[in-house]
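Here is the structure we will look at, set down as structure tokens.
Below, read A as the first sequence line, B as the second, and so on, with proteins coming before strands; counting in each chain starts at 1. Hydrogens, waters and symmetry mates play no part in the numbers below; they use all other heavy atoms, side chains included.
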Amino acid sequence: MSAAVVPEKPDQPEKPEKPRGSGPAKSGTAGAASLRSAARTYVERVRGGELGALPAVLGLIVLCAFFAALRPVFLSELNFANLLTQGAGSIAIAMGLVFVLLLGEIDLSAGYASGVCAAVLAILLTDHGWPWYGAVAAAIVTGTVIGLVLGLLVAKVGIPSFVVTLAAFLGFQGIVLMLLKEGTNISIRDQTILAVANDNLSPALGWVLLAVSVAAYAAIQLRQDRNRRRRGLSTAPLSLLAVRIGAMAVLGSFAVHLLNQERSRNIIVDSLKGVPIVVPVIGVLLVAGTFVLQRTSFGLHIYAVGGNAEAARRAGINVAAIRISAFVICSSLAAVGGIIAASRGNSVDPNTGGSNVLLLAVGAAVIGGTSLFGGRGRVVDAVLGGMVVAVIQNGMGLMGYSSGVKYAVTGSVLLVAAGVDALSRRRAVQR
Amino acid sequence: MTATPILQLRGIDKSFGPVQVLHDVSFTVHPGEVTALVGDNGAGKSTLVKCIGGIHPIDGGEYWFEGERVHVHSPRDAAAMGVEIVYQDLALCDNLDIVQNMFLGREKRSGLVLDDATMEEMAAKTLEGLSVRTVKSIRQQVSSLSGGQRQTVAIAKAVLWNSKVVILDEPTAALGVAQTAQVLELVRRLADNGLAVVLISHNMNDVFAVSDRIAALYLGRMAAEVKASDVTHSQIVELITSGRSGDLGLAHTNGATA
Ligand SMILES: Nc1ncnc2c1ncn2[C@@H]1O[C@H](COP(=O)(O)OP(=O)(O)OP(=O)(O)O)[C@@H](O)[C@H]1O
Ligand SMILES: [Mg+2]
């Protein structure tokens, strides 16, 4: 029996031989030493099969370097902004899918659900002259109702989610066609909706938003750290916290600076600069989703049901309610994705939410590190994976490949990500 | 010691489809005592425990708690009365850490937000009380624990709450010698603190070491509920294997009367 480490005392000196948990490292006496131990803990965890965001981040760096080397225009300000607005729709859908995937379920209908919601939005805006907020609310409510129906069929009737959502995939495709009167295209003229994917924040507002975000992140982290320190609980070393906050500030500043450059080809006609509005939209969804999953009982119960549904039931968790709400969240976020897609396309047609949208969204979540087996994943996975997918699509487009090749490559990347998921899971089980 | 029973089952029937697993089972548990529940493999011990815990609904019979008839429909009902169970198949979530598992379904919150610091403190204290010394960090995922460590977490989860009845379904099955002794000591300590403890075990030495009463199930029927001091090892073994021993046990071991 080795030494106890259960209740950590803050003033305990560092002992390098001491066994370490995979949790946060001990409070640091010396910054560098504790940083090193934090790094070691991280490596241990990765080797144990908990890859987290590592493959997505590495993939993103490699892909960006690759495309930048072959097509310098890839790094242009205009293309960077394009990348973000291109990815935003499927990132929103992927965020919703994370909730369903965490349960070990799947929603194959999320793409067309977003199409249905976008059609509802377009019809109310354009044909019925609704104000944008009314139409947005109606679109999201449509998503919520869709999720409720899917969730009830899965959790209460007991049909496998694969079948329920495959049926819905076909059904919604039909509903989109019917709503759009056999394939007409409804254009969107509402300025607010168009602004979502086509307009930018003013450069100053971009900086303010970044400053507020970094300050809020730092404040929350430091408060939590102080609280844990005061109570004598284990904490991550302060130096690690500083590195994280610093990295966020530096990367954020770089991005804001880049996006604040003029990227219009013809300044006289139209000035084009600033952070695209979809970025804070995705940011808000990311913060809200992360809060729900990591900081609330509800989020914990989603992980519990995904990890061991019977154990969750015995712990008194209403498993059916958790299942239903995951589908509700998924379809509601699909509605948001549909609104972004409608804004970006300036219109809604029978292909909105169709073709490869679902594949890209599932791919984004899985590439980001969310497991198809349930119980493992985070909302940020959708963002990281979504960026990988967007970079592949965008970079290959710049290189002049046909859509056929783009599909094939994206499909292969999804397969690789799912393979990594399966292998890392096997590794974790074998221990 | 033999005051009013805290938990009493009367005439419990339980079937899974066409198979009747429990026949007219009565079972009494007193505060301050360790009641051993014994029986062969498949006798129905775990099923009985799951009925007590609200995992399985009972088909017939009465469930009394603290002198009142109650209806337990879900694990939440049982937990609300103060009944904690360590199941034979442990029921832990591999993808959650030790603290999260211990508080699952009953998280401490401040407002909307999980109060991780408080939960971590309480979990650490409880594990310390069980003299758990082998886990590296209580923020470790349960999937990375050994069988015995998992069992200890499950036990810690049950004693974390100020419960009135603690039921342990073969808690020492995966434990080493030292840990087994520790769990048995804990079982005794809980009872001495006034809790009612039910211990399911196949090890007669353990049973006689800690229990005040012994209840023997035989093919889904309660063969006997006796004081541990009134019987011998061999009598209990006979009750387990054939349902009777002398004038103890079922009248007709192959018939329907108990
Ligand atoms: N969910 C279920 N569905 C159908 N039959 C079941 C179920 N659970 C238990 N049984 C049956 O009920 C009987 C009693 O099982 P139980 O698990 O209660 O036995 P036990 O006394 O705990 O045995 P052991 O000592 O092996 O743990 C067995 O014949 C088993 O096959
Ligand atoms: Mg059993």
- Message: Within the 4.5 Å heavy-atom criterion, are B:R109 and A:T296 side-chain neighbours or not?
- Response: no

- Note: B:P75 and A:G316 closest approach over all heavy atoms is CB-N, 4.2 Å

- Message: Distance check, rounded to the nearest 0.5 Å: B:N101 atom CG versus A:N308 atom CG?
- Response: 9.0 Å

- Euclidean distance, B:R106 CZ relative to A:S297 OG, rounded to 0.5 Å: 12.5 Å

- Item | Contact leader toward chain A among B:D97, B:V142, B:I55, B:D77, where contacts are heavy-atom pairs under 4.5 Å | B:I55

- Message: Assess, by modelled atom type and distance only, whether the side chains of A:R231 and B:T118 contain a donor and an acceptor separated by less than 3.5 Å.
- Response: yes

- Task: Provide the closest heavy-atom pair for B:K157 versus A:A315 in the form atom of the first, atom of the second, distance.
- Result: NZ-CB, 4.4 Å

- Any idea which heavy atoms bring A:A304 and B:C93 closest together, and the distance? O-SG, 3.4 Å

- Message: Is any side-chain heavy atom of B:L112 closer than 4.5 Å to one of A:R295?
- Response: no

- Residue pair A:G307 / B:N95: nearest heavy atoms and the distance that separates them: CA-OD1, 3.3 Å

- When rounded to the nearest 0.5 angstrom, what distance separates CZ in B:R139 from OG in A:S234? 8.0 Å

- Message: Taking the side chain as everything from C-beta on, heavy atoms only, tell me whether B:L104 gets closer than 4.5 Å to A:R314.
- Response: no

